[in-house]
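The structure appears right after this line, and notes come after that.
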Protein chains: 2
Amino acid sequence: MPVTIYDVAREAGVSMATVSRVVNGNPNVKPLTRKKVLAAIERLGYRPNAVARGLASKKTTTVGVIIPDISSLFFSELARGIEDIATMYKYNIILCNSDQRMEKELQLINTLLEKQVDGLLFMGAEIKEDHLQALTSTSVPTVLAATRDADNALPSVTIDHFQAGYDATKALIDRGHKRVAMITGPLNDPLSGLMRFEGYKKALVDAGIGLNEDLVANGNFFYESGLTKTKQFLQLSEPPTAIFAANDEMAIGAIHAIQDSGLNVPNDVEVIGHDNIRLVEMVRPRLTSVVQPMYDIGAVAMRLLTKYMNNEHVEEHVVLLPHRIEYRESTRPEQE
Amino acid sequence: MPVTIYDVAREAGVSMATVSRVVNGNPNVKPLTRKKVLAAIERLGYRPNAVARGLASKKTTTVGVIIPDISSLFFSELARGIEDIATMYKYNIILCNSDQRMEKELQLINTLLEKQVDGLLFMGAEIKEDHLQALTSTSVPTVLAATRDADNALPSVTIDHFQAGYDATKALIDRGHKRVAMITGPLNDPLSGLMRFEGYKKALVDAGIGLNEDLVANGNFFYESGLTKTKQFLQLSEPPTAIFAANDEMAIGAIHAIQDSGLNVPNDVEVIGHDNIRLVEMVRPRLTSVVQPMYDIGAVAMRLLTKYMNNEHVEEHVVLLPHRIEYRESTRPEQE
DNA sequence: AATGATTATGAAAACCATTAAATGGGGAAA
DNA sequence: TTTCCCCATTTAATGGTTTTCATAATCATT
C-alpha cells in the first residue's frame with residue numbers, strides 16, 4: 001500500500017538504485033535524471049522507509065538514552081542538551097526512564113541494542129560490573145553523562161564532584177562558620193552522593209575544623225528530606241550556622257525549615273545548594289548554588305558520542321566540565 | 001558478524017521459522033524443540049534484530065512523541081506519564097523537542113513517520129491546517145496530549161481549560177475580591193492561553209463585575225513575566241487584591257513581586273496559579289493552584305494511543321480529565 | 001488399521017532499502 | 001578506427017526477520 005522506492009523507480013523510468021542516489025544526495029546523477037526522479041517522488045508522495053534503510057545500511061541514526069527520571073528538573077535539563085545536539089547531527093533519541101533500578105537499566109540496554117541504536121547515552125548513579133559487561137558486549141559506543149564508572153573504562157562527561165563539594169564547604173568556612181552542616185545525597189551514589197561528601201569532609205579537615213557527625217545528615221535529593229533533616233539540625237544544642245545541601249531541592253527545603261522555625265536566611269543560617277537548577281531563582285531568598293552545567297553535560301556527552309559513532313579520533317575520553325559557585329541571597333555578601 | 005536467527009537455526013538443527021516461533025512465544029513448538037532452540041540462543045548469545053523484525057512485521061513497537069520542551073516542568077511530567085504507560089505496553093518512545101515552531105513540528109512528524117513509528121503523540125499549542133494535513137496523510141494513529149484541534153478532528157486528552165479559568169477566578173471572587181487580575185498566557189495558545197482567559201472573563205461577568213482591561217496582562221508562562229507584570233499591577237492607583245496566573249511559574253513570580261514590594265501574600269493579595277507543578281510546594285507561601293493532572297494526561301493519552309494501535313474500539317476520542325483547585329497558603333482560608 | 005483433525009516444522013517469499021559489481025554509452029587519445 | 005577511461009545507470013546480492021503455505025508428524029476416533 002505505501003509507496004516504495006520501486007514505485008518511484010517505475011514512475012520515473014529508472015532503477016531503484018538511481019532513486020536511492022537521488023534520495024541520499026549522491027552527486028553521481030545526471031541533473032535531468034534527478035529532476036525526473038524528484039518529480040516522481042513528489043507525484044507519488046514517496047516517503048523513504050527508515051527501517052528498511054536501517055536494515056540495509058546498518059545505521060539507524062537513532063541513539064538510546066537511559067535516564068533515571070525525565071521528570072526531574074535536573075535530568076530534563078540534561079536531556080534537552082542531549083536532544084539539541086542529537087538533532088544537530090541528525091540523530092533521534094529513544095528515551096527511557098530507569099528509576100536507577102539496575103535490572104531495569106540492564107534490560108533497557110538490551111532493548112536498545114536490539115533496536116540497533118547507533119550509540120548509547122547512559123545516566124545513572126552507580127556503574128556496576130553488570131553494566132560494564134552489558135555495555136561492552138557490543139560494539140555500539142556508549143557515553144556516560146553526569147555519571148562515571150570507577151575505573152574510567154567508559155567515556156564520560158561530568159564535573160569534579162569532589163572539588164565542588166570542597167569549594168562549597170570552603171566558601172562557607174571562609175565566611176567564618178565553624179558549624180557547617182551537610183545534607184548529603186545517598187552515599188551509594190558515587191559522585192553526587194559520596195564525592196560531594198568527601199569534598200565536604202576534606203574542606204573541614206583542611207580548615208582544622210574536623211568532621212562533626214551531628215552535622216551530617218543523609219538525604220535523598222528530595223525537598224522533603226531537606227526540610228526534615230534541617231529541622232533535626234535546628235534542634236541540636238549547637239545548631240549549624242551554615243548548611244551545604246548536596247542538591248538544590250534539599251537546599252530549598254533547608255531554607256524553608258529555617259524560616260519556619262523563625263530564623264532568617266542568610267543572617268542566622270547561610271545555605272548553599274548544588275546544581276543550580278532553574279528553581280534557585282524562584283525562591284526567596286534566591287539560592288546560592290554550585291553550578292553544574294546540566295545542559296552542557298548533556299550536549300558535550302552527545303557530541304562526544306557522535307565522534308565515536310563516526311569513528312573520529314577522541315583525545316580524552318573522560319571529560320571534566322568546569323563548575324563554579326553562583327552567589328545569591330541565601331549567603332551573605334563575602335567579608336572583605 | 002553478529003549472530004542471526006539463521007545461526008541459531010543451524011546450531012539448534014531446526015529452521016529459522018522455528019527459531020522465530022520460539023523467540024516470539026508462539027505456543028506451537030514442541031517443548032523439547034523449544035529447549036534446544038533456547039539453549040542455542042544462550043550458547044550463541046543471540047539478540048534479535050528489531051530493525052529486521054520491524055521491516056518484516058511492519059511494526060516497530062516505537063511511538064513518536066513531539067513535545068515543546070522536555071526541560072519544562074510541565075511537559076517533563078507529562079512525558080513521564082507517557083513513557084510509563086508506553087513501557088507498560090512494551091513500546092519505546094522517540095522523543096523530539098519542537099519548541100512549538102511549526103516548521104519544526106511538521107518536519108518532526110515527517111521524520112517520525114519515516115522511522116515507521118506505530119503511533120504519534122503530539123503536544124503543542126495551536127493545531128493548524130498544515131498539522132492536520134501532515135497527520136492525516138498517513139494511517140499512523142495520532143493522539144494530542146494537553147492539546148486540542150479546533151474541530152476535534154483528532155483524538156485528544158486535556159482538561160476543560162475554560163472551566164478551569166472560570167473556577168479559579170470564581171474562587172477569588174467568592175472570597176470577596178472585586179479587583180481580580182489575571183496574568184494570561186500567550187493568547188495564540190488556544191487552551192492554556194485563550195481558554196483560561198475566556199473562563200476568567202466569564203466568571204467576572206457572571207459575578208456582575210465585568211472586565212477591567214487594566215487588570216489583564218499577557219505573560220509568556222515564564223517566572224520573569226509573572227514578576228514584571230505583577231509589578232505593573234501594583235503601580236496602578238487601584239491595584240488588584242487577587243491575582244490569577246495562567247500557570248504556576250508566573251504565579252510564583254507574582255508572589256515574589258508582591259513580597260518584594262513589602263506586601264503580604266495572602267493577606268494583602270491572594271494568588272492562584274495553574275497546573276499544580278511540583279514547584280508549588282517549594283515556595284513560601286505555598287501556592288494555591290488549579291490541578292492539571294499532567295502525569296495522567298500523558299498516561300491517558302498514551303493508553304488511548306495503544307488502543308488505536310491495536311485497533312481496539314474507542315468510545316470517546318476527545319477525553320476531558322477532571323481538574324480541581326488545591327488550596328494552600330497563597331489564598332486565605334475560605335470565609336464561612 | 002484407516003481416517004481425519006491437530007500440531008509441529010520447514011521452505012521460500014515477502015519487507016524496502018543500500019551497495020558492490022556489471023554494463024553501456026560517449027568522448028578523448030592513440 | 002580502435003582502445004581506454006569515465007560517467008551514469010542498472011543488475012543483483014544483501015541485510016535479518018516474519019509470515020504464508022505446504023508438508024510431516026502425532027494423536028484420537030472408529
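Each chain gets a letter, A, B and so on, in the order its sequence line appears, and its residues count up from 1.
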**Request:** Give a yes/no on whether any side-chain N or O of A:Thr4 is located under 4.0 angstrom from OP1 or OP2 of C:dC15.
**Result:** no

**Asked** Does A:Ser20 have a side-chain nitrogen or oxygen under 4.0 Å from the phosphate oxygens OP1 or OP2 of C:dA17?
**Response** no

**Asked** What's the CZ-C1' distance between B:Arg53 and C:dA17, to the nearest Å?
**Response** 20 Å

**Between P of C:dT6 and CG of B:Asn26, the distance in whole Å** = 17 Å

**Message:** Between B:Asn49 and D:dG15, is there a contact of a side-chain N or O with OP1 or OP2 at under 4.0 Å?
**Reply:** no

**Asked** Given C:dT9, is OP1 or OP2 found less than 4.0 Å from the side-chain N or O atoms of B:Asn28?
**Response** no

**Request:** Using atom CG of A:Asp7 as one end and atom C1' of C:dC15 as the other, report the distance to the nearest whole Å.
**Result:** 13 Å

**Item:** Nearest-neighbour nucleotide for the A:Ala52 side chain, C:dA17, D:dT17, D:dT11 considered
**Value:** C:dA17

**Request:** Confirm from the modelled atom types if A:Arg21 and D:dT10 form a donor-acceptor pair under 3.5 Å, side chain to base only.
**Result:** yes

**Message:** Give me the atom names and distance for the closest heavy-atom approach of B:Gly54 to A:Val51.
**Reply:** C-CG1, 3.9 Å

**Item:** Below 4.0 Å: OP1/OP2 of D:dT17 and any side-chain N or O of B:Tyr46
**Value:** yes

**Asked** Given atom OH of B:Tyr6 and atom C1' of C:dG10, what is their separation to the nearest angstrom?
**Response** 12 Å

**Prompt:** In Å and rounded to the nearest 0.5 Å, what is the CG to OH distance from B:Leu121 to B:Tyr91?
**Reply:** 12.5 Å

**Proximity to the side chain of B:Met16 - top-ranked nucleotide from C:dT18, C:dC16, D:dT18** = D:dT18

**Message:** Heavy atoms from C-beta onward define the side chain here; which of C:dC16, C:dA11, D:dG16 lies closest to that of B:Lys58?
**Reply:** C:dC16

**Request:** Determine, step by step, whether B:Thr62 and B:Ile93 satisfy the side chain to side chain contact (heavy atoms under 4.5 Å, CB included) criterion, reporting the C-alpha distance in whole Å, the side-chain angles of both residues, the deciding distance to 0.1 Å, and the verdict.
**Result:** CA-CA 6 Å; B:Thr62 303; B:Ile93 288 294; over 6 Å; no

**Prompt:** Is any side-chain N or O of B:Arg47 under 3.5 Å from a base N or O of D:dG16, one able to act as donor and the other as acceptor?
**Reply:** no

**Request:** Send over the distance from A:Gln116 CD to C:dC16 P, rounded to a whole Å.
**Result:** 19 Å

**Item:** Separation of C:dT19 P from A:Asn24 CG (nearest whole Å)
**Value:** 7 Å

**Request:** Using whole Å, report how far NZ of B:Lys59 lies from C1' of C:dC16.
**Result:** 18 Å

**Message:** Please find the pair of heavy atoms, one from B:Asp7 and one from B:Thr4, that lie closest to each other, and give the distance.
**Reply:** OD2-N, 2.8 Å

**Minimum-distance nucleotide to A:Thr18 side chain [options: D:dT9, D:dT18, C:dC16]** = D:dT9

**Prompt:** Which is true for B:Val14 with a 4.0 Å heavy-atom rule: it touches a base, it touches only sugar-phosphate, or it touches nothing?
**Reply:** sugar-phosphate

**Asked** For the ring pair B:His317 and B:Tyr308, is the centre-to-centre distance below 6.0 Å?
**Response** no

**Request:** Let me know, please, whether B:Val51 or B:Lys30 comes out on the 5' side of the other along DNA chain D by nearest nucleotide.
**Result:** B:Val51

**Message:** Heavy atoms only, 4.0 Å cut-off, all strands: where does B:Val23 land among base, sugar-phosphate and nothing?
**Reply:** nothing

**Side-chain ion pair, B:Arg80 and A:Asp99, N-O less than 4.0 Å** = yes

**Prompt:** Atom CD1 of B:Ile5 to atom P of D:dT19: distance rounded to whole Å?
**Reply:** 11 Å

**Message:** Among D:dT18, C:dA11, D:dG16, which nucleotide has an atom closest to any side-chain atom of B:Ser57?
**Reply:** D:dT18

**Asked** Can you tell which of C:dA17, C:dT9, D:dG16 lies closest to the side chain of B:Leu55?
**Response** D:dG16

